Amino acid sequence: MADYKDKDPLESKVTSSLEASPAEESKPDKLKIPKEMPVLPVKDTVVFPGMVAALSVVTERDIKLLNNVLAANRFLALVAQKDKDIRGVKQSDLYDYATAAVVLQMLRMPDNSAKMLVQGVSRIKIDEYIQTEPYFKAKVAILEDIIENDMETEALARNAADQFIRMISMAPSLPEELKIAIVNIDSPSRLADMIASHLNIGVPEKQQVLEAINVKARLQKVTALITSEMEVLEMATKIQSQVKSEMEKGQKEYYLRQQLKAIQEELGEGDERAIEVKELTKKIEEAKMPPEAKKEAERELSRLVKMPSASAEYTVSRTYLDLLVALPWAITTTDNLDIQAARKVLDEDHYDLEKVKERILEYLAVRKLKQDMKGPILCFVGPPGTGKTSVGMSIARAIGRKFVRMSLGGVRDEAEIRGHRRTYIGALPGRIIQGLRKVGSNNPVFMLDEIDKLGADFRGDPSAALLEVLDPEQNHSFSDHYLDVPFDLSKVMFITTANLLDPIPPALKDRMEVLELPGYTADEKVFIAKQFTIPKQLKEHGLTNEQITIVDDAIKTIISDYTREAGIRNLEREIAHICRKVAKDIASGEKKSVTVTADMLHNLLGPIKFFSEAAERTSEAGVATGLAWTQAGGDILFIEATLMPGTGKLLLTGQLGDVMKESAQAAMSYIRAKLAKLGITFKDFNKYDFHIHIPAGAIPKDGPSAGVTMAMALISLLKETPILSNVAMTGEITLRGRVLPVGGIKEKVLAAKRAGITTVILPKRNEKDLVEVPENAKKEMNFVFVEKVDEMLPIVFGTKEPAVKKKRIFSKV
Ligand SMILES: Nc1ncnc2c1ncn2[C@@H]1O[C@H](COP(=O)(O)OP(=O)(O)OP(=O)(O)O)[C@@H](O)[C@H]1O
């Protein structure tokens with residue numbers, strides 16, 4: 001068995017120990033090819049005719065063969081082995097097609113093996129083995145090429161040559177000189193053999209080329225092999241260039257980094273990064289985070305260290321770490337549990353608001369007994385300016401906690417509460433986490449203002465996120481999307497505020513303890529103004545008691561003529577206005593001290609802003625004064641009714657909800673059914689259209705409560721009798737004329753009092769609610785409780801019998 005060692009015979013080192021050298025006369029000649037010759041099995045390669053190859057001869061059997069060949073005519077058959085790993089080769093292990101070759105040179109090696117240089121002469125086919133020992137010998141048939149010298153052969157040959165030349169340029173293992181050799185080959189048959197012998201292909205493919213006697217088929221085979229080889233080469237080149245460019249990039253970055261480091265060292269900033277990491281590590285330790293958060297912070301820090309400081313990712317990571325270390329994981333302020341002291345602080349800041357103050361003192365008392373008690377979640381409900389926010393601040397001051405406030409008005413996006421995931425560009429933590437970071441303690445009084453103005457849209461429902469915040473069962477592990485690790489909110493005392501209770505989602509309402517702050521009477525306002533508002537405003541404007549005095553009358557006039565509100569926000573604003581004007585006079589040296597009287601208000605505050613409309617509006621028949629419970633607390637509203645020629649339709653305009661429309665229908669039907677009982681002589685209902693109007697600005701929260709007012713406006717119209725201007729009413733009406741209870745009695749009564757009403761008609765079943773109305777209001781007003789609409793008539797018209805007709809407002813049709 002011969003081993004193929006060297007493809008390029010020119011490189012084999014043939015030295016002076018050559019045993020035989022081919023003489024000129026022994027040059028291979030096809031004519032002299034014998035018909036019988038020894039057969040040498042070859043591993044690993046196929047020697048093509050015309051090619052020179054160096055083979056190693058190792059086994060004793062092969063050496064014997066070689067000796068005999070050299071002693072005879074130097075011809076031998078080189079046959080490729082089907083499987084190169086087989087030892088003790090049999091005939092069936094060899095291909096049938098072979099190459100007749102002559103031995104050109106032989107070189108004996110010191111270890112008894114030999115190397116020989118052979119040259120292929122012709123394709124042969126083994127016909128029959130005639131000897132197997134000591135080596136194979138066979139009868140062979142010499143195969144002649146089948147060649148057509150046509151254009152196709154020519155084209156195939158040129159194409160193969162061109163492709164192969166291109167391939168040489170791409171394959172680093174093929175020498176450039178091969179190109180010249182290829183160009184100089186004239187015979188297509190030799191060209192195909194030459195190319196096949198240099199292709200990096202297996203023995204079976206080479207054998208196929210050898211067996212292709214037809215030169216065209218051989219060229220085609222070779223072309224296909226070159227093409228697939230080129231594809232492999234191209235792919236390899238691509239992979240190589242990719243690897244190279246990535247390596248280059250990495251090397252470039254490394255090089256630049258080294259430079260940067262050198263520059264930083266020169267500038268004395270060399271270890272800035274190290275200092276930063278040290279500082280952050282220290283801060284992580286100091287923040288005393290729970291294990292989960294600490295692990296996350298440490299992981300983020302190890303990521304940060306690997307990032308280039310100029311990258312956007314670095315900033316994101318650094319901002320996140322800054323938040324993690326800044327959050328008050330373990331900072332808790334100590335509560336002041338002294339109930340007396342707390343009461344003093346609460347009283348110092350606010351008048352009345354007893355329910356709220358009591359609730360807080362109760363909480364403190366229980367806290368004293370049970371250390372780990374959860375904070376209550378309170379909801380202060382009331383009209384604007386009734387002290388909801390300021391009492392929250394006062395609570396924080398009384399217990400000795402920090403205070404943070406966030407308005408939920410118009411919040412529609414869940415992410416505002418719970419934050420954006422950090423994968424978003426410009427992501428931020430939610431407002432709860434932001435608030436806690438700002439306030440710097442984990443047990444502040446956290447005020448969530450305007451919870452009734454929460455919105456919801458496609459960006460998620462913020463109330464769902466709030467549920468988690470306000471649920472004591474869940475909020476010990478509140479998850480903010482940005483923060484990504486739970487934060488314990490259970491120590492926070494949440495206080496929410498709302499103007500109205502109804503719009504608050506029921507699930508949220510459920511979790512809170514509602515405390516109402518309904519508003520103040522004029523007298524209470526005077527008291528608050530004197531005790532709290534005026535001293536506060538004087539202080540804010542740098543004025544002293546000697547420099548300005550506001551007499552009681554002036555305060556009362558501000559309340560009645562310049563404000564109409566349940567709270568005291570506008571009163572405070574008007575007082576501030578007066579303080580500014582007085583401060584100007586005093587600062588400019590014009591005056592030394594000013595006593596503000598009611599007469600001076602016109603000059604200081606401008607013309608009166610609110611008139612008592614009741615007297616004016618109800619001077620005509622068909623107008624009734626109702627009481628409404630609105631966003632701003634209680635208010636009065638004038639319901640007007642009129643009629644005009646028509647067909648008996650009922651027309652409704654103004655701020656009417658569906659419920660109010662139904663109430664109007666009910667009122668009308670009741671009246672028409674009870675004309676005689678109500679003392680109405682009007683009969684031509686089918687010849688007139690009726691029109692009820694509720695003016696803008698008085699959007700009642702509880703629609704049905706305008707029922708009795710609409711009924712009274714219609715009755716007044718039909719009886720052509722005006723209603724007394726000092727009477728106002730509220731109540732729902734049924735078809736049978738019953739008066740049903742309504743809400744917001746305290747607010748409504750206070751609003752009536754502000755408007756100068758002295759008699760208020762209320763549903764009988766609301767009598768119990770009168771306890772909430774302040775005593776002084778009760779003293780100055782009359783309350784009439786009714787069960788049926790007809791009971792109202794004597795009161796609204798001021799007489800037992802229908803009043804005197806004043807003037808006709810419709811003519812007979
Ligand atoms: N009972 C009171 N005693 C003393 N001052 C009061 C009282 N009620 C309200 N005030 C003062 O009225 C002003 C307005 O109150 P605040 O801003 O707390 O109203 P609010 O109920 O929160 O209103 P909004 O619903 O508009 O938020 C504050 O300066 C507050 O100090």
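Atoms within a ligand are numbered from 1 in the order they appear, just like the ligands themselves. Treat the numbers as computed from the prediction; the structure is a model and nothing was measured.
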Colleague: Taking 4.0 angstrom as the limit, do E354 and R343 come out as a salt bridge?
Modeller: yes
Colleague: Could an N or O of ligand 1 be found under 3.5 Å from any N or O of R405, whether backbone or side chain?
Modeller: no
Colleague: Would you mind listing which atoms of ligand 1 come within a distance below 4.0 Å of any non-hydrogen atom of Y520?
Modeller: 1 (N), 2 (C), 7 (C), 8 (N)
Colleague: With sequence neighbours excluded, tell me which residues meet salt bridge (Lys or Arg N to Asp or Glu O under 4.0 Å) with E767.
Modeller: K764
Colleague: If you measure from the Lys or Arg side-chain nitrogens to the Asp or Glu carboxylate oxygens, is any gap between K357 and D352 under 4.0 Å?
Modeller: no
Colleague: Only heavy atoms of F532, strictly under 4.0 Å: list the atoms of ligand 1 that pass.
Modeller: 4 (C)
Colleague: Taking only non-hydrogen atoms of V391, do any sit less than 4.0 angstrom from ligand 1?
Modeller: no
Colleague: Can you tell me how far apart CG (L467) and CD1 (I417) are? Round to the nearest 0.5 Å.
Modeller: 10.5 Å
Colleague: Does the residue T497 have a heavy-atom contact with ligand 1, meaning some pair of atoms that are separated by less than 4.0 Å?
Modeller: no
Colleague: I'd like to check which ligand 1 atoms, numbered from 1 as shown, lie under 4.0 Å from a non-hydrogen atom of P384.
Modeller: 23 (O), 24 (P), 25 (O), 26 (O)
Colleague: Do any nitrogen or oxygen atoms of G385 lie less than 3.5 angstrom from nitrogen or oxygen atoms of ligand 1?
Modeller: yes
Colleague: Taking only residues two or more places apart in sequence, or in another chain, which ones meet S390 in a side chain to side chain donor-acceptor pair (under 3.5 Å)?
Modeller: H350
Colleague: Do any heavy atoms of K536 fall under 4.0 Å from ligand 1?
Modeller: yes
Colleague: Considering non-hydrogen atoms of the protein only, which is the closest contact for atom 30 (C) of ligand 1, and what is the distance?
Modeller: S390 OG, 3.1 Å
Colleague: So do L327 and L483 actually touch side chain to side chain, heavy atoms under 4.5 Å?
Modeller: yes
Colleague: Strictly under 4.0 Å, does any heavy atom of D449 approach an atom of ligand 1?
Modeller: no
Colleague: Below 4.0 angstrom from a heavy atom of N499, which ligand 1 atoms are there? Numbered from 1 as shown, please.
Modeller: 25 (O)
Colleague: Do the ring centers of F487 and F478 come within less than 6.0 Å of each other?
Modeller: no
Colleague: Is E546 salt-bridged to K592, going by a charged N under 4.0 Å from an acidic O?
Modeller: no
Colleague: Under 4.0 Å, heavy-atom basis, I'd like to know which part of E572 is in contact with ligand 1: side chain, backbone, both or neither.
Modeller: side chain
Colleague: Quick one: which ligand 1 atoms are inside 4.0 Å of a heavy atom on I528?
Modeller: 1 (N), 2 (C), 3 (N), 4 (C), 5 (N)
Colleague: Below 3.5 Å, N or O to N or O, backbone or side chain included: is there any such pair between D352 and ligand 1?
Modeller: no
